2 protein chains.
Amino acid sequence: MVAYLCPFDMKRDIFQAIADPTRRAIIALIALQAMTPNAIAENFHTTRQAVSKHLRILTECELVTQEQKGREIYYRLKIDKMKEIDEWLEQYRKIWESRFEQLDTLLSELKQQENMR
Amino acid sequence: MVAYLCPFDMKRDIFQAIADPTRRAIIALIALQAMTPNAIAENFHTTRQAVSKHLRILTECELVTQEQKGREIYYRLKIDKMKEIDEWLEQYRKIWESRFEQLDTLLSELKQQENMR
DNA sequence: CAAGTATGCAACCATTCAGTTGCATATGTC
DNA sequence: GACATATGCAACTGAATGGTTGCATACTTG
């Protein structure tokens with residue numbers, strides 16, 4: 001829940017944030033180690049400003065945090081925020097696990113019938 | 001990996017498919033029970049054609065399948081495809097679980113030190 | 001079989017988006 | 001302190017997107 005909504009603040013949710021392949025790649029890059037915009041940009045063929053734009057979006061979605069050290073800014077992945085996707089996925093995980101269990105039960109019953117012959 | 005890319009076929013990946021709130025709502029709607037476009041559209045304030053468009057996108061991304069019965073088409077969620085998101089999330093799950101274990105270990109050590117006083 | 005119902009697609013429109021260019025500000029170095 | 005480096009933002013552009021309107025096709029009903 002955000003305190004307020006501006007025309008550009010928090011206008012995207014986390015799913016919109018990860019929809020872009022470049023942003024997913026940035027997330028993967030900084031997953032284990034915070035990195036600076038220049039260090040991140042070195043891994044892409046686009047401009048540094050394009051990467052900076054993506055970092056702003058990820059920051060607005062609270063997926064990353066900034067940590068300034070002199071003129072360098074370190075962007076760190078807020079791993080806890082990724083749990084929001086996991087929590088959303090939980091409802092579907094229950095469904096596919098439920099179906100897997102149903103299949104497992106069916107297979108067991110079929111095996112039992114097989115053994116009774 | 002798709003066999004080929006057309007200007008509109010499979011041009012979105014599953015993350016782009018779930019980026020739109022309406023499509024996520026459609027997914028939730030048909031998660032347990034296949035539904036027809038009209039039945040789905042009854043839950044939204046947009047036009048039936050807008051819903052139809054979203055269903056096409058979800059179909060192209062292999063998130064749903066179609067099952068025609070007379071003039072009615074039943075759209076069913078391909079729950080297995082949702083695992084693709086889970087698989088992508090696995091790399092981050094390992095990170096937050098690892099950090100949780102590190103925290104747990106630290107707490108245990110602190111408790112041991114507490115007991116030695 | 002005419003009328004009703006279900007459904008998708010093309011064209012259009014306004015908005016959003018991703019990347020680029022240009023520029024400004026802040027920090028570090030020599 | 002001049003110069004180099006790090007970084008973000010505004011403006012622009014072309015492409016993509018989501019919703020609407022109009023229309024066509026297929027199936028159902030009376």
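Computed from a predicted model, the values in this text were never measured in an experiment. Proteins come first, then strands; the chains are lettered A, B, ... in the order of their sequence lines, and each starts at number 1.
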Asks: Where along nucleotides 22-30 of chain D does protein come under 4.0 Å, by heavy atom, of base (B) or sugar-phosphate alone (S), with - for untouched nucleotides?
Replies: B----BS--

Asks: Between A:Glu90 and A:Arg93, is there a side-chain N and carboxylate O pair less than 4.0 Å apart?
Replies: yes

Asks: Distance check needed: C:dT7 P versus B:Leu55 CG, whole Å only.
Replies: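 These atoms are roughly 10 Å apart.
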
Asks: Determine, for B:Glu114 against B:Lys111, whether the closest basic-nitrogen to carboxylate-oxygen distance falls under 4.0 angstrom.
Replies: no

Asks: Can you tell me if B:Gln68 has over 12 outside heavy atoms packed within less than 6.0 Å of its CD?
Replies: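 Yes.
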
Asks: State whether B:Glu62 and B:Lys78 are salt-bridged, where the test is any N-O pair (Lys NZ or Arg NE/NH1/NH2 against Asp/Glu carboxylate O) under 4.0 Å.
Replies: no

Asks: Starting at CD of B:Gln66 and ending at C1' of C:dG8, how long is that distance when rounded to a whole Å?
Replies: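 Checked: the CD to C1' distance equals 10 Å.
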
Asks: Does C:dT7 have OP1 or OP2 sitting under 4.0 Å from an N or O in the side chain of B:Asn38?
Replies: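 Yes, B:Asn38 has a side-chain N/O under 4.0 Å of OP1/OP2 on C:dT7.
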
Asks: To the nearest Å, how far apart are B:Ile18 CD1 and D:dT17 P?
Replies: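 Between P of D:dT17 and CD1 of B:Ile18: 15 Å.
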
Asks: Expressed in angstrom and rounded to an integer, what is the separation of B:Ile40 atom CD1 from C:dA6 atom P?
Replies: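 For the pair B:Ile40 CD1 and C:dA6 P, the rounded distance is 14 Å.
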
Asks: Looking at A:Lys81 and A:Glu84, does any basic side-chain N land under 4.0 Å from a carboxylate oxygen?
Replies: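 Salt bridge: yes.
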
Asks: Could you go through B:Gln66 and B:Tyr74, starting from their C-alpha distance and side-chain angles, then the distance that decides it, and tell me whether this counts as side-chain hydrogen bond (donor to acceptor under 3.5 Å, both in side chains)?
Replies: CA-CA 6 Å; B:Gln66 296 166 296; B:Tyr74 282 85; over 6 Å; no

Asks: Without decimals, in angstroms, what is the distance between B:Tyr74 OH and C:dT7 C1'?
Replies: 14 Å

Asks: Indicate yes or no: does A:Arg99 engage A:Asp104 in a salt bridge with an N to O separation below 4.0 Å.
Replies: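 Salt bridge between A:Arg99 and A:Asp104, a charged N being under 4.0 Å from a carboxylate O: no.
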
Asks: How would nucleotides 13-19 of chain C be written as a contact map, 5' to 3', with B for base contact, S for sugar-phosphate-only contact and - for no contact, using protein heavy atoms under 4.0 Å?
Replies: ----SBB

Asks: Under 4.0 Å between a Lys/Arg side-chain N and an Asp/Glu carboxylate O for A:Asp86 and A:Lys83?
Replies: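 No, this pair does not count.
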
